[in-house]
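See structure below.
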Amino acid sequence: MVRCRAIVRGRVQGVFYRASAEREAYRLGVAGSALNRNDGAVEMVLEGRRDAVDAMLRWAADGPPQAAVTTIEVRDEPPAGITGFRTE
């Protein structure tokens, strides 16, 4: 199991980014969260198998069709054993 935190910048709020991330995370079997930040970015915590988290990060670099991702910053964290996926 691995865990990372990703800050996704660009046009990522108001374009169904979080809802799309939730659907993709469930499809890949990744736990975590996707939250809007005050600075206009989306912050995601992703936890699961390395291949699934890597696939989720590849998805996050593009996002849904309405999004325009400009940068994504990723840092690894210790796994916490979380389950499910939440958006706020």
Side-chain angles (χ1 to χ4, degrees):
M1 294 295 271
V2 298
R3 176 184 170 113
C4 69
R5 184 172 305 269
I7 308 300
V8 185
R9 298 184 191 286
R11 189 176 70 232
V12 293
Q13 290 189 12
V15 295
F16 302 102
Y17 193 97
R18 292 173 300 133
S20 298
E22 181 178 28
R23 282 192 298 276
E24 188 67 9
Y26 278 120
R27 186 182 78 77
L28 293 169
V30 173
S33 61
L35 311 170
N36 282 343
R37 291 170 38 129
N38 290 337
D39 64 1
V42 169
E43 182 170 351
M44 293 196 304
V45 172
L46 306 170
E47 189 168 318
R49 295 180 334 271
R50 168 59 69 190
D51 62 327
V53 170
D54 287 348
M56 187 70 193
L57 289 171
R58 285 191 298 276
W59 176 89
D62 290 323
Q66 307 90 328
V69 176
T70 56
T71 61
I72 181 169
E73 303 164 26
V74 180
R75 73 171 188 257
D76 291 332
E77 298 181 344
I82 59 175
T83 60
F85 198 91
R86 67 183 180 93
T87 61
E88 289 180 15

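The first residue of the sequence shown is numbered 1, and numbering continues consecutively from there.
Listed by first and then second residue, the ring-ring contact (aromatic ring centres under 6.0 Å, His included) pairs involving residues 48-70 are Tyr17-Trp59 (not counting sequence neighbours). Sequence neighbours left out, not one pair with a member in residues 59-69 passes salt bridge (charged side-chain N to carboxylate O under 4.0 Å, His left out).
Note: the hydrophobic cluster containing Val2 also contains Leu57 (ILVMFWY, side chain heavy atoms under 4.5 Å, direct or indirect links). In this structure, Phe16 is not a member of the same hydrophobic cluster as Ile72, with clusters built from ILVMFWY side-chain heavy atoms closer than 4.5 Å. Both Val8 and Val74 sit in one connected hydrophobic cluster of ILVMFWY residues. Membership requires side-chain heavy atoms under 4.5 Å apart, directly or through other members.
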Enumerate, atom names and distances included, each donor-acceptor pair closer than 3.5 Å involving a side-chain atom of residues 42-50, sequence neighbours excluded.
from	atom 1	to	atom 2	distance (Å)
Glu43	OE1	Arg37	NH1	3.4
Glu43	OE2	Arg5	NH1	2.8
Glu47	OE1	Arg3	NH1	3.2
Glu47	OE1	Ala80	N	3.0
Glu47	OE2	Ala80	N	3.2
Glu47	OE2	Gly81	N	2.6
Glu47	OE2	Ile82	N	3.3
Arg49	NE	Asp51	OD1	3.2
Arg50	NH1	Asp54	OD1	3.4

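For Arg11, there are no side chain to side chain donor-acceptor pair (under 3.5 Å) partners at least two apart in sequence or on another chain. With sequence neighbours excluded, the residues that form a side chain to side chain contact (heavy atoms under 4.5 Å, CB included) with Glu22 are Tyr26, Phe85, Thr87. With sequence neighbours left out, Ser20 forms a side chain to side chain donor-acceptor pair (under 3.5 Å) with Arg23.
Summarising the geometry of Val69 relative to Ala61, their closest heavy-atom pair is CB-O, 3.2 Å, with the distance given to 0.1 Å.
With contacts defined as side-chain heavy-atom distances shorter than 4.5 Å, the pair Val53/Met1 does not qualify.
With respect to the salt-bridge test (charged N to carboxylate O, under 4.0 angstrom), the residues Glu73 and Arg9 qualify.
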